[in-house]
Amino acid sequence: MVKLPIYMDNHATTPMDKRVLDAVLPYFTEKFGNAASRNHSFGWAAEEAVDKARNQIAALINAKAKEIIFTSGATESDNLAIKGVVEFYKDKGNHVITCVTEHKAVLDSCKALERAGKATVTYLPVDKYGMVDPDDVRRAITDKTVLITIMSANNEVGTIHPIAEIGRIAKEKGVLFHCDATQGVGKIPMDVEKAGVDLLSASAHKIYGPKGVGILYVRSRGPRVRLTPIIDGGGHERGLRSGTLNVPGIVGFGAACEIAGQEMEQESARLRDLRNRLQANLFERLDEIYLNGHPTERLPGNLNLSFAYVEGESLLMGIKDVAVSSGSACTSATLEPSYVIRALGTDEELAHSSIRFGLGRFNTAEEVDYVAERVTAEVRRLRDLSPLYEMAKEGIDLKSVQWKRD
Ligand SMILES: *Cc1c(COP(=O)(O)O)cnc(C)c1O
C-alpha cells in the first residue's frame, strides 16, 4: 500500500533532503554566529560554513565562489538581476528582451520597469512546445538592448530553452544574458561558461534544500557584470545585497547542490523513467489527452497534460490524496487559464483542463501507478457527467454547434 497523501508537485517546492537537514541543524544552535562577525570564533565558524557553501554552489554551475551572491530566493535574484542591470547601464540603453512564458518574478520585474519609464521590453513568443527561437532573440536586439532574460527550463511545462545558443548570440552582440535557472539547476547540467550566461538565478527549495534562500550568479570576467543593488545597508555580498546572511539556509543550499551534482545523472534517468511510466499509463487508458510542453526537450520530472472535457480544478478536487497542480490560477472572481499554456497556442478549454505532475527525488513507481489509477478513474467519472464529452463521442462537431441563448 502506498502512503497517502502523495506529493507530486515538485516544481512548486520540494521536501528537504534529510542529509541537507543534518548539515543545517548545528547552524541554528551551537554554530549560530553572524558570518560578518570578524572578531571571534563564532563569526569565523559561520563565515567558514558560508564559504564552503559558496564553493559547493559555484561548483554545480562551473562558476567561481566569489561570483555567488546570496539572496532570499529566486524571486529576489530575478528582481536584482533585471532591475540592477537596467539601473546600472541606463546610460548605455534601456531595452530588455524576455519571453512570454517566464516566471512572474521576471515578467513583473520587467513590467515594473516599463511602468516606471525605465525600460522598454520585448516579450518574445514561444512555439507550440513552449520553446523560444534563438533567431527571434537575435532579431529583437537593438543598439539600446542591455539585457536578455530567458529561463533555462519552464516551471509549468518543463520545456528546456536552447540557452547556449542564446548565450552565443548575446556574446556576439555584447548584450548581458540573465537566465532564471531555478527549475534547471540541479536537475539538468548547467555550465555558465559553456552557456555564456552572465547572471543566473537559483533557489534552494526547488532542489531539496530549505525555503527562503537563493543565489544570483554575477559574472566577474569576460565581461565583468555590474549591478545597482535593490537593498541598501551594511554592504554584505560585495555591496550587492545587504543583510545578515541566512547561514543555516546557505549551508543547506550548499549541501543540496553537492548532492544534486553527485546524483543528477542517475536521478534524472530514474525520474525520466517514472515520468514516462506515468505518461504511458495515462495515454494507454484515456483518450483525448494532450501533452503540454516539448516531447523531448523537457525536464525529466515534468508531465503536463490536458484532459479534454474535464476541468482541471474539478479533477484536483476529485483526487485530494494526490498533490498535483492545475493550470488555472484560482483568483477571487475569475478562473484564469495558465498564461504559459495559453502561450503555446492551446485553446482556452484545453488550457483549463491542464494538470501538472511534478515528479521528484522521493516519488516511487508504486506512487506513479496509484496516481495513474486515481486520475484515470476520476477523468472517466467526470467525463461520464459531461454532455459535451457524450456529444463528441457521438461524432458531433462541437465547434459547429449553434448554442442557444435564453
Ligand atoms: C520557484 C521559481 C521562482 C521563485 O523562486 P523563490 O525562491 O520561490 O522565490 C522563480 N523562477 C522559477 C522558474 C521558479 O520555478
Side-chain angles (χ1 to χ4, degrees), residues 9-14 61 69 71-86 96-115 119 121-126 129-132 137 147-163 166 176-188 190 195 197-207 209 211-217 230 253 292-294 297-299 301-302 304 325-331 336-344 351 354 356 358 360:
D9 197 17
N10 287 277
H11 300 304
T13 193
T14 56
I61 59 170
I69 304 295
T71 65
S72 64
T75 297
E76 186 189 332
S77 303
D78 288 343
N79 272 264
L80 175 57
I82 296 165
K83 294 173 181 172
V85 162
V86 166
V96 176
I97 297 168
T98 186
C99 99
V100 290
T101 54
E102 290 293 309
H103 191 271
K104 284 287 180 189
V106 166
L107 293 177
D108 288 354
S109 292
C110 289
K111 297 222 172 88
L113 289 169
E114 285 182 302
R115 264 198 315 276
V121 181
T122 300
Y123 300 89
L124 296 176
V126 292
Y129 302 122
M131 201 180 275
V132 74
V137 176
L147 184 69
I148 296 165
T149 172
I150 304 281
M151 69 203 322
S152 73
N154 184 268
N155 47 296
E156 285 193 36
V157 294
T159 300
I160 299 168
H161 287 300
I163 289 308
I166 297 168
L176 294 179
F177 178 29
H178 167 247
C179 181
D180 178 348
T182 311
Q183 294 289 345
V185 163
K187 293 167 195 159
I188 53 173
M190 169 51 84
V197 168
D198 299 311
L199 299 118
L200 176 144
S201 304
S203 182
H205 78 98
K206 302 283 174 79
I207 59 163
K211 291 172 185 58
V213 59
I215 57 129
L216 181 65
Y217 153 80
I230 54 177
F253 200 174
N292 299 310
H294 201 285
E297 294 303 302
R298 184 158 50 117
L299 288 173
N302 179 277
N304 193 311
S325 204
S326 89
S328 301
C330 198
T331 58
E336 294 268 338
S338 150
Y339 67 92
V340 172
I341 310 274
R342 287 307 303 276
L344 316 187
S354 71
R356 179 185 70 185

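Owing to the predicted nature of the structure, the values given are computational and were not obtained by experimental measurement.
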Give the intermediate values and the outcome of side-chain contact (heavy atoms from CB on, under 4.5 Å) for residues Val185 and Ile61. CA-CA 8 Å; Val185 163; Ile61 59 170; 4.0 Å; yes
Measuring from atom [atom1] of [X] to atom [atom2] of [Y], what distance do you get when rounded to the nearest 0.5 angstrom?
| X | Y | atom1 | atom2 | result |
| --- | --- | --- | --- | --- |
| Asn292 | Ile341 | CG | CD1 | 4.0 Å |
| Tyr217 | Ser77 | OH | OG | 14.0 Å |
| Lys104 | Cys110 | NZ | SG | 11.5 Å |
| Ser354 | Asn304 | OG | CG | 5.0 Å |
| His161 | Glu297 | NE2 | CD | 11.5 Å |
| Ser152 | Leu299 | OG | CG | 7.5 Å |

Would you check, one step at a time, whether the test side-chain contact (heavy atoms from CB on, under 4.5 Å) holds for Val137 with Leu124? CA-CA 7 Å; Val137 176; Leu124 296 176; 3.5 Å; yes
So [Y] and [X], do their side chains get closer than 4.5 Å, heavy atoms only?
| X | Y | answer |
| --- | --- | --- |
| Val85 | Leu199 | yes |
| Thr14 | Ile207 | no |
| His178 | Leu200 | no |
| Ile188 | Ile160 | yes |
| Phe177 | Ile163 | yes |

Keeping the roles fixed (side chain from [X], backbone from [Y]), state whether a donor-acceptor pair exists under 3.5 Å.
| X | Y | result |
| --- | --- | --- |
| Arg342 | Ser338 | no |
| Asn302 | Glu156 | yes |
| Thr159 | Tyr129 | yes |

Can [X] and [Y] be counted as having a side-chain donor-acceptor contact under 3.5 angstrom?
| X | Y | value |
| --- | --- | --- |
| Asn79 | Ser109 | yes |
| His11 | Gln183 | yes |
| His103 | Thr182 | no |
| Ser201 | Asp78 | yes |
| Thr13 | Lys211 | yes |

Least distance between heavy atoms, [X] atom then [Y] atom:
| X | Y | value |
| --- | --- | --- |
| Asn154 | Val340 | OD1-CG1, 3.6 Å |
| Ala343 | Thr101 | CB-CG2, 3.7 Å |
| Val126 | Val100 | N-CG2, 4.3 Å |
| Pro125 | Val132 | O-CG2, 3.8 Å |
| Thr98 | Tyr123 | CG2-CD2, 3.5 Å |
| Ala181 | Met190 | CB-CE, 4.2 Å |

Going by salt bridge (charged side-chain N to carboxylate O under 4.0 Å, His left out), name the residues that satisfy it together with Glu102, two or more places apart in sequence or in a different chain. none
